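What follows is a set of notes on a single structure, which appears directly below.
The structure presented is a predicted model; accordingly, all values stated were derived computationally and were not measured. Convention: sequence-line order gives letters A, B, ...; per-chain numbering from 1. The figures here come from the full heavy-atom set of this structure, side chains too, leaving out hydrogens, waters and symmetry mates.
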Protein chains: 2
Amino acid sequence: MKLTTKGRYAVTAMLDLALHDTDGPITLADIARRQDISLYYLEQLFTKLRKHGLVESSRGPGGGYRLAILASDITVARVIYSVDESIDVTRCGGQQNCQGELRCLTHDLWMELNRHVSEFLNKITLAEIIQRHMVRQVSKRQELLVSQIQLADINLRMKSSAP
Amino acid sequence: MKLTTKGRYAVTAMLDLALHDTDGPITLADIARRQDISLYYLEQLFTKLRKHGLVESSRGPGGGYRLAILASDITVARVIYSVDESIDVTRCGGQQNCQGELRCLTHDLWMELNRHVSEFLNKITLAEIIQRHMVRQVSKRQELLVSQIQLADINLRMKSSAP
DNA sequence: TAATACTTGACTAAATTAGTCTGTTATGTA
DNA sequence: TACATAACAGACTAATTTAGTCAAGTATTA
């Protein structure tokens with residue numbers, strides 16, 4: 001299966017967006033700070049997510065991204081698919097041409113694994129993750145941390161500009 | 001998850017070995033021919049499989065590899081693990097240090113997916129695959145194909161060595 | 001008009017994978 | 001004993017992928 005940090009970052013960022021969706025448009029800079037992801041990298045990912053209709057953007061000051069559809073309609077599979085092409089574990093993509101033009105010995109095995117993984121990722125939505133997991137605690141911690149850093153940053157600037 | 005052709009090749013080769021285990025030691029050259037895998041590459045994989053106790057080898061003419069344990073005791077997970085380090089989908093390997101020293105927002109999600117995949121791959125053995133899937137038909141086709149090629153090869157040599 | 005924030009697309013570095021090659025050692029057979 | 005076979009070991013390379021960076025825009029709001 002093709003599950004790299006790209007897909008993981010995308011899901012993480014989308015989850016962040018879902019958690020803060022009520023606060024109006026969220027900038028990528030915010031997400032980058034909170035989730036420790038390069039802003040440049042996020043830009044790449046969100047271009048794809050937008051093209052796949054998962055988020056919508058607004059430019060200019062006060063702008064940012066919001067979910068384009070309900071968090072309960074966004075499955076993890078959809079997010080990964082949007083940035084990562086596929087969640088396929090076979091070599092042939094189900095085409096049965098894994099050995100020359102024919103199916104290889106393990107074709108059925110990988111297809112079956114595919115079904116399992118797809119089922120799991122297609123079933124679970126962002127909304128469910130937020131409810132089910134310890135996501136909210138983690139999120140709180142992240143917000144706290146970011147605001148502390150910003151506070152420290154302000155203090156630092158005041159000191160350095162002071163004398 | 002780290003599921004590359006390396007892991008797939010290993011499972012395929014082990015399945016080939018399991019299918020032909022009654023024929024005495026099987027050479028890697030045979031497996032290479034039947035499964036379209038580079039002999040050199042197979043050598044690498046089987047070194048690891050041997051070190052993990054899945055196969056045993058005998059050298060010299062008539063030598064080759066055999067399963068070191070019952071096919072019903074060899075799970076796919078074990079094979080993949082032997083050549084491929086892990087079937088882990090998380091970044092932190094369950095260590096919860098995916099964001100700095102703490103767990104990232106999606107930690108639980110990947111852990112859950114991990115459980116699903118591991119459960120599937122840990123449950124299914126080579127023996128089961130042989131029984132369940134269309135493996136035997138595919139295997140027959142492969143043997144037939146190889147013997148045809150060998151036959152054609154012999155014909156070719158006879159022609160070329162004839163004046 | 002100035003600052004903000006998305007948009008586009010090219011570019012690079014690092015890591016991983018897949019595959020190749022050279023040579024060595026052990027063993028059965030003629 | 002010589003020879004062929006086949007495993008064993010490990011270095012090496014090429015190709016691909018991934019992760020990340022950057023520069024130059026455009027649109028929007030205050």
Side-chain angles (χ1 to χ4, degrees), chain A residues 1-13 17 20 23-33 35-52 54-68 80 83-89 91 98 104, chain B residues 1-13 17 20 23-33 35-52 54-68 80 83-89 91 98 104:
Chain A
M1 182 175 53
K2 206 164 149 195
L3 183 48
T4 62
T5 56
K6 195 198 275 185
R8 281 198 283 263
Y9 278 169
V11 175
T12 302
L17 200 55
H20 297 90
D23 308 351
I26 306 295
T27 68
L28 293 187
D30 280 343
I31 299 178
R33 258 193 301 276
Q35 305 305 332
D36 269 331
I37 305 174
S38 148
L39 173 60
Y40 296 127
Y41 204 42
L42 278 179
E43 286 177 349
Q44 275 185 24
L45 300 180
F46 273 78
T47 300
K48 293 183 180 176
L49 292 169
R50 188 174 53 86
K51 283 178 180 161
H52 281 86
L54 296 188
V55 298
E56 53 194 17
S57 61
S58 51
R59 293 178 161 199
Y65 284 97
R66 332 194 46 159
L67 297 184
I80 294 177
V83 297
D84 216 15
E85 283 110 50
S86 84
I87 49 170
D88 189 37
V89 299
R91 184 154 58 142
C98 9
C104 71
Chain B
M1 184 174 50
K2 207 164 149 196
L3 184 47
T4 63
T5 56
K6 195 197 276 184
R8 282 197 284 263
Y9 278 169
V11 175
T12 301
L17 199 57
H20 297 90
D23 308 353
I26 306 296
T27 68
L28 293 187
D30 281 342
I31 298 178
R33 258 193 301 276
Q35 305 305 333
D36 270 332
I37 305 175
S38 150
L39 173 60
Y40 296 127
Y41 204 40
L42 277 180
E43 286 178 347
Q44 277 183 23
L45 300 180
F46 273 77
T47 299
K48 293 183 180 177
L49 292 168
R50 188 175 50 86
K51 283 179 180 162
H52 281 85
L54 297 187
V55 298
E56 53 194 16
S57 61
S58 51
R59 293 177 160 200
Y65 285 95
R66 330 194 49 161
L67 297 184
I80 294 177
V83 298
D84 218 14
E85 283 110 52
S86 84
I87 50 170
D88 189 36
V89 299
R91 184 154 56 141
C98 9
C104 71

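Screening B:Arg66, B:Arg50, B:Lys48 against B:Val55 for a side-chain contact (heavy atoms from CB on, under 4.5 Å) leaves a single residue, B:Arg50. Of the residues listed (A:Asp36, A:Leu42, A:Ile37, A:Val83), the one engaging A:Tyr9 in a side-chain contact (heavy atoms from CB on, under 4.5 Å) is A:Ile37, and it is the only one.
The residue among B:Thr27 and B:Tyr40 whose nearest nucleotide of DNA chain D lies closer to the 5′ end is B:Thr27.
Side-chain nitrogen and oxygen atoms of A:Tyr9 include at least one within less than 4.0 Å of the OP1 or OP2 phosphate oxygen of D:dG20. Remark: B:Ser58 is not in phosphate contact with D:dA6, judged by side-chain N or O atoms under 4.0 Å from OP1 or OP2.
The side chain of B:Arg59 lies closest to C:dT25, out of C:dT25, D:dA23, D:dT26. Among the nucleotides C:dT17, D:dG20, C:dT8, the one closest to any side-chain atom of B:Thr4 is C:dT17. The nucleotide whose nearest atom lies closest to any side-chain atom of A:Arg50 is, among C:dT7, C:dT27, D:dA7, C:dT7. Counting only heavy atoms from C-beta on, B:Ser57 has its side chain closest to D:dC8 among D:dC8, D:dA23, D:dG20. Looking at the side chain of A:Pro61, the nearest of the listed nucleotides C:dT27, D:dT29, C:dT17 is D:dT29.
Under 3.5 Å, the side chain of A:Gln44 and the base of D:dT21 form at least one donor-acceptor pair of N or O atoms.
Counting to the nearest Å, the P atom of D:dA7 and the CD1 atom of B:Ile26 are 10 Å from each other. Atom pair A:Arg8:CZ and D:dA19:C1' shows a separation of 12 Å (rounding to whole Å applied). Taking atom OH on B:Tyr41 and atom P on D:dA7, their separation rounds to 18 Å, with Å as the unit.
Residues A:Leu28 and A:Tyr40 form no side-chain contact, since every pair of their non-hydrogen atoms from C-beta on lies 4.5 Å or further apart.
No donor-acceptor pair closer than 3.5 Å links the side chain of B:Thr5 to the backbone N or O of B:Arg8.
Contact annotation for B:Phe46: no contact, since no heavy-atom pair falls under 4.0 Å across all strands.
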